[in-house]
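Order of appearance sets the numbers: ligands from 1, and atoms from 1 within every ligand.
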Amino acid sequence: MKPEKITTDVYSLRVNHFNRRLFDSLIPLPEGTSYNAYLVKGTEKTALFDSADPEKAAVLFEYLKDEKKIDYVIAHHAEQDHSGSIPLVLERYPEAKVVTNPKCKEFLMTHLHLPADKFIEVKDGETLSLGGKTLEFVYLPWVHWPETMGTYLREEKVLFSCDFFGSHLATSSLFSEEHIVYEPMKRYFAEIMMPFRSNIKAHLEKLAKYDIAYICPSHGPVHANPKFIMDIYRDWAVSEPRNKAVVAYISMHGSTYMLVNRLVSRLQEAGVCVEKLNLDQMDEGRVAMSLVDAATIVIGTPTVLTGPHPKAVYAAHLANLLRPKARFVSVIGSFGWGGRAVETIAGLIPNIKAEVLKPVMIKGMPTEADLAQIDELAALIAEKHKSLPACG
Ligand code: FEO
């Protein structure tokens with residue numbers, strides 16, 4: 001493996017993990033992922049930006065086999081998919097210092113047991129010269145940990161953005177192509193970044209003053225089209241939700257499914273875009289992605305014993321963690337003899353600051369009167385969405 005040149009004296013050491021299928025024992029990775037390290041060579045010093053997941057450390061060291069000296073390891077983030085091989089890097093390059101902010105230093109000492117004397121602490125906006133290459137450190141907290149930062153390389157107009165603008169995409173292409181990277185980026189945003197939309201808005205404003213030619217994230221390909229990438233982040237994080245409803249459901253004997261089908265038909269007839277998700281085969285990333293721009297979330301659940309179906313509970317809990325910008329929520333479903341499915345779901349989503357539209361919980365198989373309630377719910381959703389931008 002040879003480092004790939006991005007621009008003058010800036011190299012990608014992308015460690016692809018094509019076969020990884022799960023991240024954090026939670027997030028599906030249909031297209032694998034990559035852990036991106038970068039190398040920047042000044043006339044006096046050489047800096048390695050981040051490392052790789054320790055499982056793939058051998059690939060990182062293959063890239064570094066001709067590198068005799070590393071002066072600095074720039075640690076943007078303490079999570080182990082990027083920091084986990086730093087102890088091995090320091091073993092091989094004992095003269096190297098880890099350059100990071102105080103919070104990240106604390107985390108690296110806790111998570112990797114790095115000794116305090118290995119660090120150089122930097123402040124937000126502080127610079128470090130490699131000789132003809134000036135690194136400016138840019139704090140970017142809460143995308144998605146509190147210690148995360150980026151680095152702007154002034155002479156080459158490169159932003160090393162860490163997880164920010166990343167995508168879980170293993171690829172042999174150095175640079176991103178918009179039609180390929182869009183979906184993996186959206187999936188990544190939904191799973192990792194969506195709960196921190198207000199931080200993202202602030203960071204986009206902070207980065208507006210930089211002239212950026214390349215964005216080098218810690219996952220996925222390098223972006224040579226920063227405007228496209230920053231615009232879609234702005235859309236996902238800041239813009240109003242779209243005229244779209246997510247109907248996430250599970251059914252046991254078909255009654256809830258009948259309600260779901262009726263709702264979806266009526267919404268579509270009223271001009272509302274609908275994403276219908278069967279939670280029976282839940283892809284957490286798919287569920288998360290659907291929530292990025294939806295104005296309404298409807299959970300369809302049967303009643304199991306006295307509560308909602310556990311898969312509906314899981315989806316509601318996941319949505320609550322992800323804090324989507326939905327404005328309206330509701331619950332539909334059926335029960336055999338009783339239960340508190342609606343109350344349980346409502347109690348699971350306190351982080352979603354949305355208006356609750358009157359739930360429709362019915363006994364047994366839906367009657368015409370029950371379906372008429374669904375029609376009313378669909379009409380209400382369509383009315384609520386009237387002023388929202390079109391989906392798409
Ligand atoms: Fe890719 Fe938050 O680590």
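- In the hydrophobic cluster analysis, where Ile, Leu, Val, Met, Phe, Trp and Tyr join through side-chain heavy atoms closer than 4.5 angstrom, I74 is grouped apart from V138.
- Among protein atoms, those of element N, O or S found less than 2.8 Å away from atom 2 (Fe) of ligand 1 are H77 NE2, E79 OE1, H144 NE2, D163 OD2.
- Between the side chains of Y93 and E67, not a single donor N or O lies within less than 3.5 Å of an accepting N or O.
- Looking at residues two or more places apart in sequence or on another chain, you find a ring-ring contact (aromatic ring centres under 6.0 Å, His included) between F196 and W142.
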Should F165 and H223 be marked as a ring pair (Phe, Tyr, Trp, His ring centres under 6.0 Å) after you check the CA-CA gap, both sets of side-chain angles, and the distance that decides it? CA-CA 9 Å; F165 307 120; H223 306 299; 7.3 Å; no
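- Residues E44 and K133 are not paired through a salt bridge, judged by the lack of any N-O separation under 4.0 Å between the basic side chain and the carboxylate.
- Remark: D235 does not engage K186 in a salt bridge, criterion side-chain N to carboxylate O under 4.0 Å.
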